[in-house]
Amino acid sequence: MGANPFKLSDDNKRYQTYSYYLKRRFGKKVYKVPLNLDMGCPNRDGSKGVGGCKFCSALKSGEFAGDPSDSILTQFETVRAKMEQKWQNGLCIPYFQAGSNTYTDIKTLDNMLSTAVSLPNAVGVSIATRADCLDEEKCALLGEYAKSTYLVCELGLQTIHDKTALAMNRCHTYADFIRGYEMLRARGVNVCVHIINGLPNETHEMMIKTAREISQLDIHMVKIHLLHILKGTALAKMYQNGEFEAMELFDYVNTVADQIELFPERFIIGRVTGDGARDELIAPLWSLKKFTVMNEIDKELKRRGSYQGAALN
C-alpha cells in the first residue's frame, strides 16, 4: 500500500496497533492468552439486573477463552499450546476475558492476579470487567500489581449514551464508567475502553460523540467492536422482529475511520473490529471476513490521506 506516513507503525497501518506497541515495549512478539473463570455479573444475578446485556452471549464474551472448569494454569497451558503453533517462543499476557472479573471478593482477585503474573513467559496481565464492579479496595490492589507488571484493566463502556445503555439492559451508566475509570487512574492502572458501533438506534453522530468523549480521557487503549447479533440473545429477537438493522460494511468502515482520526497518538488501538463465533453469528455475516474488514479500514484511511489523530491537528 505504499509508504506509511504514520510514525507509530512499521507496516501499512495508519494507527498504533497493540502488536506494534507490545513488540517495541518487550522486544519480541507478545500475545494474549484468554482465560475464563466463569465470573458472575451484577447484570445477571439480580443485584443490578437480570438477563444480562441484550447483546451478550451465554458465555459472557468467553467464546475463545479456556474451559472455566479448568484451573488458571491448565487453561493457560491449553490455550497457549494452540497459540504456540502460530507464534513460537512468544511472550504472553494472561487475559481474564469472560464476564466481569472483578465481581468477586478481594482475596479471590488477589489470588487470580498472583497466579497470572507467575505463569511461564507472562509479561503482564489484562483483566476485563464492568466499571461498577470496582471499588477503592479493588483498585488499590490493581494499583499494587501495576507497580511491578504491565497491567491493563479493560472496561466495557460500549457507548456514552445512557438511553442506548438502558435499551440494551446494561444497568450501567456513563457516570458509573467515569467513577471506575477515575479510581483506576488515581492508582496508576492502565485503562482500556471497549466501545461498540452499530448499537440499535445509534446514529453515526452518536457513535462519533462516544469516540470524541473518550479521546479526552487519560486512557491507555481503546478497542472498537462491531455489534454482533448472536443466537440465543435478546438482541437476536429484536433483530428478527425487525426492530433494527445490522450495520453495513461501508458504514462501519467509515465510522471507524472517523473515530480513529479523533483518537490521539498516545492511544493504542487494540481492535478495529471483533470476532463473532461462526456457529453463533446471525448478522452481519460480512464480519466473518475479519481481515477484509481491517483491510477496508486501512484503504479508507489511505484514500483520505489520513491517520490516527488527524482530526486533532
Side-chain angles (χ1 to χ4, degrees), residues 8-13 15-39 57 59-99 101 109-129 142 145-146 148-154 190 192 194 220-226 228 268-281 287-295 298:
L8 296 177
S9 177
D10 52 12
D11 52 22
N12 66 336
K13 301 297 183 185
Y15 54 91
Q16 183 180 193
T17 67
Y18 195 31
S19 177
Y20 175 90
Y21 172 83
L22 291 174
K23 189 173 182 181
R24 269 143 192 79
R25 176 164 181 158
F26 296 105
K28 62 186 300 186
K29 176 65 182 179
V30 181
Y31 58 85
K32 294 172 79 172
V33 179
L35 305 170
N36 185 352
L37 301 191
D38 198 22
M39 286 291 180
S57 71
L59 292 176
K60 303 185 288 291
S61 301
E63 287 82 357
F64 302 101
D67 185 337
S69 66
D70 291 334
S71 68
I72 292 175
L73 177 59
T74 299
Q75 287 190 50
F76 178 80
E77 290 177 338
T78 301
V79 178
R80 183 185 171 206
K82 296 176 182 178
M83 292 184 163
E84 280 286 314
Q85 297 174 13
K86 182 176 181 180
W87 298 302
Q88 294 183 356
N89 301 316
L91 300 174
C92 308
I93 295 177
Y95 177 28
F96 295 105
Q97 179 182 31
N101 288 279
L109 181 60
D110 192 10
N111 288 337
M112 288 164 51
L113 294 169
S114 64
T115 300
V117 298
S118 65
L119 291 168
N121 282 9
V123 293
V125 61
S126 284
I127 183 166
T129 193
L142 291 167
Y145 277 94
S148 59
T149 193
Y150 172 56
L151 185 144
V152 179
C153 188
E154 303 198 13
N190 292 315
C192 171
H194 290 238
H220 180 60
M221 177 162 52
V222 60
K223 287 185 175 180
I224 306 170
H225 297 268
L226 165 68
H228 287 113
I268 299 163
I269 312 296
R271 275 185 176 274
V272 293
T273 185
D275 296 294
R278 182 176 294 273
D279 294 340
E280 299 297 320
L281 184 67
S287 68
L288 291 170
K289 297 180 180 180
K290 180 178 176 180
F291 288 101
T292 297
V293 179
M294 295 169 67
N295 287 338
D298 291 340

Is there a side-chain contact between [X] and [Y] in this structure, where contact means two heavy atoms from C-beta onward sitting under 4.5 Å apart?
| X | Y | value |
| --- | --- | --- |
| Leu142 | Leu113 | yes |
| Thr129 | Cys153 | yes |
| Pro34 | Met83 | yes |
| Leu109 | Ile127 | yes |
| Val123 | Thr149 | no |
| Leu119 | Val33 | no |
| Tyr15 | Asp298 | yes |
| Pro94 | Ile72 | no |

Would you name the heavy atoms of [X] and [Y] that are closest together and state the gap between them?
| X | Y | answer |
| --- | --- | --- |
| Arg80 | Pro120 | NH1-CB, 3.6 Å |
| Val117 | Ala122 | O-CB, 4.3 Å |
| Asn121 | Gly90 | ND2-O, 3.4 Å |

**Q.** NZ/Lys23: more than 12 non-hydrogen atoms of other groups inside 6.0 Å
**A.**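 Atom NZ in Lys23 is not crowded, with 12 or fewer foreign heavy atoms closer than 6.0 Å.
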Q | NZ (Lys289) with more than 12 external heavy atoms under 6.0 Å | A |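 No, NZ of Lys289 has 12 or fewer neighbouring heavy atoms, counting only those of other groups under 6.0 Å.
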Q: Could you note down all residue pairs passing side chain to side chain donor-acceptor pair (under 3.5 Å) where residues 65-79 supplies at least one of them, sequence neighbours left out?
A: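 Of all non-adjacent pairs touching residues 65-79, those that pass side chain to side chain donor-acceptor pair (under 3.5 Å) are Asp67-Ser69, Ser71-Thr74.
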Q. Which value, rounded to the nearest 0.5 Å, describes the distance between Met221 atom CE and Glu154 atom CD?
A.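 CD of Glu154 is found 5.0 Å from CE of Met221.
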Q: Please name all residues satisfying salt bridge (charged side-chain N to carboxylate O under 4.0 Å, His left out) with Arg25, sequence neighbours left out, ordered by chain then number.
A: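 For Arg25, no residue satisfies salt bridge (charged side-chain N to carboxylate O under 4.0 Å, His left out) once neighbours in sequence are set aside.
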Q: Report the C-alpha distance between Phe96 and Val125 in whole Å, list the side-chain angles of each, state the deciding distance to 0.1 Å, and finish with yes or no for side chain to side chain contact (heavy atoms under 4.5 Å, CB included).
A: CA-CA 8 Å; Phe96 295 105; Val125 61; 3.9 Å; yes
**Q.** Aromatic ring pairing Tyr150/Tyr18, orientation class (parallel under 30°, perpendicular over 60°, tilted between)
**A.**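 Geometry flag for Tyr18 against Tyr150: tilted rings.
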